[in-house]
Enquirer: 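A single structure is presented below for examination.
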Amino acid sequence: MSLPRTLARRRTAAAALTAALLVPLAACGSDEADGKKEAAGPAASGSASAAPAAKLTVLAAASLTNVFETAGAAYEKTHPGTEITFSFAGSQELIAQVAQGSPADVLVTADTKSMDKAKADTGTPAIIAKNRLVIATAEGNPFKVDELKDLADTKLKVVLAAPEVPAGKYSKKVLDAQKITVKPVSQEPNVRAVLSKVELGEADAGLVYKTDAESAKDKVDAVEIPDAQNAVAEYPAATLKDSKNAEAATAFVTWLSSPEAQKILQDAGFQKP
C-alpha cells in the first residue's frame with residue numbers, strides 16, 4: 001500500500017536533513033583523527049629527527065679519543081646532516097681554549113674540577129662515564145711490575161701525566177695515599193702522551209686510565225690497581241654558552257647518556273656514570 005504523498009515528502013525531507021547534519025560531524029571526526037596522527041608523528045619518529053642538522057665542534061679529554069671517534073660516527077649515522085669534529089687534548093688545555101674564546105659547541109673533561117673552572121661558559125654538566133687508573137707496562141711486563149709500590153724503584157723509567165692534568169692529579173692522589181714516592185723521568189701534557197711513551201719503549205711504566213691501556217692492548221700490558229688504592233675519574237659533558245648550534249649541542253650531550261652511547265662507552269672499558 002503506497003504512503004500518502006504528504007507523508008512521503010516529510011520522510012524524504014527528514015532523511016535529507018539527517019544526512020546534511022552527519023557530513024560535518026564526519027568531517028570533524030576525520031580532522032580530529034588526522035590531528036592526533038600529526039601530533040603523534042614527531043614523538044614516534046624519535047630523537048634522530050628531533051635534533052637539527054649542524055656542524056658541531058666538541059672539545060674532549062684526550063682519554064676519550066678512540067671511543068669518541070666511534071661514538072661520533074654512530075651519532076652521525078642516526079642524525080643525518082650532523083657533522084662532528086673533535087678536538088682532543090688534556091682537560092687543562094681545553095679549559096684554556098674555552099677561556100680564550102675558541103669556537104666550539106660542547107666540552108667534555110676528565111674531571112669535575114676542570115669543568116668547574118669553565119662553569120661561567122657552560123650549561124649544567126652531566127657525568128657521562130667513569131674511569132680508573134692502571135699501571136701500563138711494556139708488553140709482557142718485562143720488569144715484573146705488580147703493584148703501585150714497584151713504581152718507586154729508581155731503576156724503572158716511570159712517566160706520569162703532569163700535575164695540572166686530571167690523570168696527573170689522580171696519579172698523585174693514589175701515590176700519596178699509599179705514601180709512595182715516584183721520580184718520573186717525564187711529566188706529560190696528557191694521559192695519551194704517557195701511554196705513547198710506554199708504547200714506544202721510552203718508559204718502562206706509567207699510570208694511565210684503564211681505557212687507554214685497553215686501546216693499546218696489543219702493545220702494552222695493564223696491571224690492575226685495587227679499588228681501595230685507586231681513584232675514580234668522572235667525565236662531565238656540557239654545552240658551551242657561546243655555541244652557534246645550541247639545540248644540536250644539547251641534543252648531542254643528551255645522547256651521550258642514552259643506552260646507545262653508554263654501550264659504546266662501556267664496551268671501550270668506561271664505567272657507568
Side-chain angles (χ1 to χ4, degrees), residues 60-70 88-94 109-114 129-235 264-272:
S63 52
L64 293 166
T65 300
N66 294 67
V67 70
F68 261 23
E69 287 173 351
T70 301
F88 298 105
S91 295
Q92 80 288 351
E93 294 180 38
L94 301 178
T109 62
D111 68 333
T112 55
K113 288 184 179 179
S114 293
K130 293 181 179 180
N131 215 338
R132 276 175 163 73
L133 293 176
V134 297
I135 303 169
T137 72
E139 189 177 13
N141 193 4
F143 294 94
K144 307 303 178 187
V145 176
D146 295 320
E147 53 187 327
L148 281 171
K149 69 179 183 180
D150 293 338
L151 299 180
D153 188 343
T154 55
K155 295 177 183 178
L156 279 181
K157 291 186 292 182
V158 179
V159 288
L160 299 174
E164 64 271 16
V165 182
K169 294 174 185 175
Y170 294 130
S171 297
K172 185 178 186 306
K173 179 179 179 180
V174 300
L175 292 170
D176 286 352
Q178 300 303 312
K179 297 180 172 55
I180 297 170
T181 300
V182 175
K183 296 181 178 179
V185 295
S186 69
Q187 294 180 311
E188 302 300 320
N190 60 67
V191 72
R192 300 294 287 205
V194 174
L195 181 68
S196 179
K197 290 279 188 180
V198 178
E199 283 183 293
L200 296 172
E202 296 176 11
D204 302 322
L207 286 173
V208 302
Y209 296 121
K210 182 177 181 178
T211 52
D212 293 307
E214 180 66 20
S215 72
K217 60 185 177 182
D218 57 335
K219 297 179 182 178
V220 304
D221 280 6
V223 178
E224 295 285 341
I225 301 171
D227 285 349
Q229 299 176 13
N230 217 324
V232 178
E234 294 184 319
Y235 291 75
I264 293 171
L265 286 161
Q266 289 160 33
D267 284 349
F270 288 88
Q271 297 177 328
K272 294 180 181 180

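Since we're looking at a predicted model, the values are computed, not measured.
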Enquirer: Do T137 and D204 have side chains that get closer than 4.5 Å, going by heavy atoms?
Expert: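 In short, these two side chains do not touch, never coming nearer than 4.5 Å.
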Enquirer: Got a sec, which pairs hit side chain to side chain donor-acceptor pair (under 3.5 Å) with one end in residues 170-189, sequence neighbours left out?
Expert: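 Every side chain to side chain donor-acceptor pair (under 3.5 Å) pair that includes a residue of residues 170-189, provided the two are not neighbours, is K172-D176, S186-E188.
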Enquirer: State the CG-OG1 distance between D267 and T211, to the nearest 0.5 angstrom.
Expert: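 Reported value, rounded in 0.5 Å steps: 13.0 Å.
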Enquirer: In Å, rounded to the nearest 0.5 Å, how long is the span from CG of N131 to OH of Y235?
Expert: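 Between N131 CG and Y235 OH, I get 4.0 Å after rounding to 0.5 Å.
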Enquirer: What are the two closest heavy atoms between A129 and L265, and how far apart are they?
Expert: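 Looking at all heavy atoms of both residues, the shortest contact is CB-CD1, 4.3 Å.
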Enquirer: For the residue pair Q92 and P166, establish whether any side-chain heavy-atom pair is separated by less than 4.5 Å.
Expert: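 Yes, close enough: below the 4.5 Å cut-off.
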Enquirer: Is there a side-chain contact between L94 and S114 in this structure, where contact means two heavy atoms from C-beta onward sitting under 4.5 Å apart?
Expert: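 Side-chain contact under 4.5 Å: no.
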Enquirer: Checking side-chain contact (heavy atoms from CB on, under 4.5 Å) against S196, which of V198, V194, L200 comes through?
Expert: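 So, applying the side-chain contact (heavy atoms from CB on, under 4.5 Å) to S196 and each of V198, V194, L200, only L200 qualifies.
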Enquirer: Let me confirm one number: the CD-CG distance from Q229 to L148, rounded to the nearest 0.5 Å.
Expert: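 It comes to 5.5 Å.
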Enquirer: I need the minimum non-hydrogen distance between V223 and D146, along with the two atoms involved.
Expert: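 Closest approach of V223 to D146: CG1-O, 3.4 Å.
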Enquirer: Under the criterion side-chain contact (heavy atoms from CB on, under 4.5 Å), I'd like the reasoning laid out for T65 against S215: C-alpha separation, chi angles, the key distance, then a yes or no.
Expert: CA-CA 10 Å; T65 300; S215 72; over 6 Å; no
Enquirer: If I take atom NZ from residue K197 and atom CG from residue L160, how far apart are they, to the nearest 0.5 angstrom?
Expert: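 Spacing of NZ (K197) from CG (L160) equals 12.5 Å.
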Enquirer: Just wondering, do L133 and Y209 contact through their side chains at under 4.5 Å, heavy atoms?
Expert: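 Result yes, sub-4.5 Å side-chain heavy-atom pair found.
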Enquirer: Taking the side chain from S91 and the backbone from A110, do they hold a donor-acceptor pair closer than 3.5 Å?
Expert: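 Present.
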Enquirer: Check V182 against A152 and note the closest heavy-atom contact, atom names and distance.
Expert: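 So the two residues come closest at CG2-N, 4.3 Å.
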Enquirer: Which heavy atom of N190 sits nearest to which heavy atom of V165, and what is that distance?
Expert: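 Closest approach of N190 to V165: CA-CG1, 4.1 Å.
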Enquirer: What are the two closest non-hydrogen atoms of A89 and E93, and how far apart are they?
Expert: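 Heavy-atom minimum between the residues: CB-OE1, 3.7 Å.
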Enquirer: Kindly compute the distance separating CZ (R132) from NZ (K210), expressed to the nearest 0.5 Å.
Expert: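 The distance works out to 8.5 Å.
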Enquirer: For a 4.5 angstrom cut-off between non-hydrogen side-chain atoms, does F88 reach E69?
Expert: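 Yes, close enough: below the 4.5 Å cut-off.
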Enquirer: Using the rule given for side-chain contact (heavy atoms from CB on, under 4.5 Å), can you reason through L151 versus L207, listing the C-alpha separation, both sets of side-chain angles and the distance that settles it, and then say yes or no?
Expert: CA-CA 9 Å; L151 299 180; L207 286 173; 4.1 Å; yes
Enquirer: At what distance, to the nearest 0.5 angstrom, does CG of L156 lie from CG of D150?
Expert: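 Result: 7.5 Å between the selected atoms.
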Enquirer: Write down the atom of P163, the atom of K169, and the distance for their closest heavy-atom approach.
Expert: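 Reported closest heavy-atom pair: O-CG, 3.0 Å.
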